[in-house]
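Just so you know, ligand 1 is whichever comes first in the structure, and atom 1 is the first atom listed for that ligand. The basis for the numbers below is simple: all heavy atoms, side chains too, and nothing from hydrogens, waters or symmetry mates.
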Amino acid sequence: MTSAIEIRDLNFKYETEDVLKYINLEVPKGSFVSILGPNGSGKTTLLKNICNLLEPYEGVIVVGEQPVEGYKSRELAKKMAVVHQSVSTDFDFNVEDVVLMGRFPYIGRFQSERTSDMDIAKASMQQTATYHLRSKSIKSISGGERQRVMIARALTQEPQILLLDEPISHLDIKYQLEILKLCRSLNKTENLTILTTLHDINLANRFSDFIVLMNHGEIVEMGAPSEVMTKDNIKRVYEVEVEVVKLSQFDNPMIVLL
Ligand SMILES: Nc1ncnc2c1ncn2[C@@H]1O[C@H](COP(=O)(O)OP(=O)(O)O)[C@@H](O)[C@H]1O
Ligand SMILES: [Mg+2]
């Protein structure tokens, strides 16, 4: 099993306090991996280390064949696309231009987009149900629509790895399901490796090959959903009582809060 991402002994501090404490993690190529854990457990910080926005204090993160800090940003962007949690809306581009920005790793400094770039952007908008928004200002659409546009932009990069930070947090349940189904289908059909943070345990159980459960900057447990999301682990990490229920239509169990 080859790794898309390999993290060895990652330690990270914002100031003096350890926020990530010696994380070791392998994300297999073509897998769908969800990171779960309470607020403040270090999920976003981990993703930002992986995409080279933050620099580890100790340890190494390998993406593909080389450490992430060795990549030129365009080269990294061809391999890995990131959808961050909060989307800045200070700028006033229309949706189509925002999605086309995903082609930046492929377009030279004084070149303009080619027809093929436009086609890829259009396909990404169609996949995320944002094509009808293409002429609207990014400022004038809803939070959920903006989240889908940012996913469209990421897909336009044609990455092998997609990092998502709470991609469904501002979406209504219809689009929560649609976005995760889309991610899962790209994962299966295009072998896109997905590493996402999520809060919804049941959706994570349903769509993930592996779950990484974090608490206080450490990985508490990782493995198949049914192994990780047990009554005891959930109690230990979230301090809530749950019941684990098996539904015949899903492979992985459902978690019901008591
Ligand atoms: N820019 C920052 N400066 C200092 N501390 C931060 C910063 N961002 C996050 N933290 C702290 O790091 C810890 C982990 O945060 P974060 O990675 O955002 O957790 P999560 O995404 O799991 O909610 C928290 O204690 C948070 O307060
Ligand atoms: Mg976060």
Any N, O or S atom of T44 closer than 2.8 Å to the Mg ion (ligand 2): yes

Indicate yes or no for a side-chain donor-acceptor contact from [X] to the backbone of [Y] under 3.5 Å, with no hydrogens or angles considered.
| X | Y | value |
| --- | --- | --- |
| N11 | Y57 | no |
| K21 | H216 | yes |
| Y22 | E218 | no |

Atom 13 (C) of ligand 1 touched by protein heavy atom at under 4.0 Å: yes

Heavy atom of protein closer than 4.0 angstrom to atom 20 (P) of ligand 1: yes

Could you identify the single nearest non-hydrogen protein atom to [atom] and state the distance to 0.1 Å?
| atom | value |
| --- | --- |
| atom 23 (O) of ligand 1 | G40 N, 2.7 Å |
| atom 5 (N) of ligand 1 | Y14 CD1, 3.4 Å |
| atom 18 (O) of ligand 1 | T44 CB, 3.8 Å |

Heavy atoms from other residues, nucleotides or ligands near NE2 of H199 exceed 12 (cutoff 6.0 Å): yes

Short N or O distance, K43 and ligand 1, threshold 3.5 Å exclusive: yes

Heteroatom distance test (T45, ligand 1): nitrogen or oxygen, under 3.5 angstrom: yes

Atom indices of ligand 1 within 4.0 angstrom of [X] heavy atoms, with elements:
| X | answer |
| --- | --- |
| N39 | 23 (O) |
| S41 | 19 (O), 20 (P), 22 (O) |
| V19 | 12 (O), 13 (C), 14 (C) |

Within 45° cone of F104 ring axis and under 6.0 Å: R74 NZ or CZ: no

Test item, P38 contacting ligand 1 (heavy atom, 4.0 angstrom): yes

Any G42 heavy atom less than 4.0 Å from ligand 1: yes

Qualifying residue for salt bridge (Lys or Arg N to Asp or Glu O under 4.0 Å) with D209, from K29, K188, R184: R184

Carboxylate-amine/guanidinium contact R236 E221, below 4.0 Å: yes

Basic-acidic side-chain contact under 4.0 Å: R114, D117: yes

Criterion salt bridge (charged side-chain N to carboxylate O under 4.0 Å, His left out) on E158 and R103, from CA distance to verdict: CA-CA 8 Å; E158 297 190 301; R103 296 306 293 163; 3.3 Å; yes

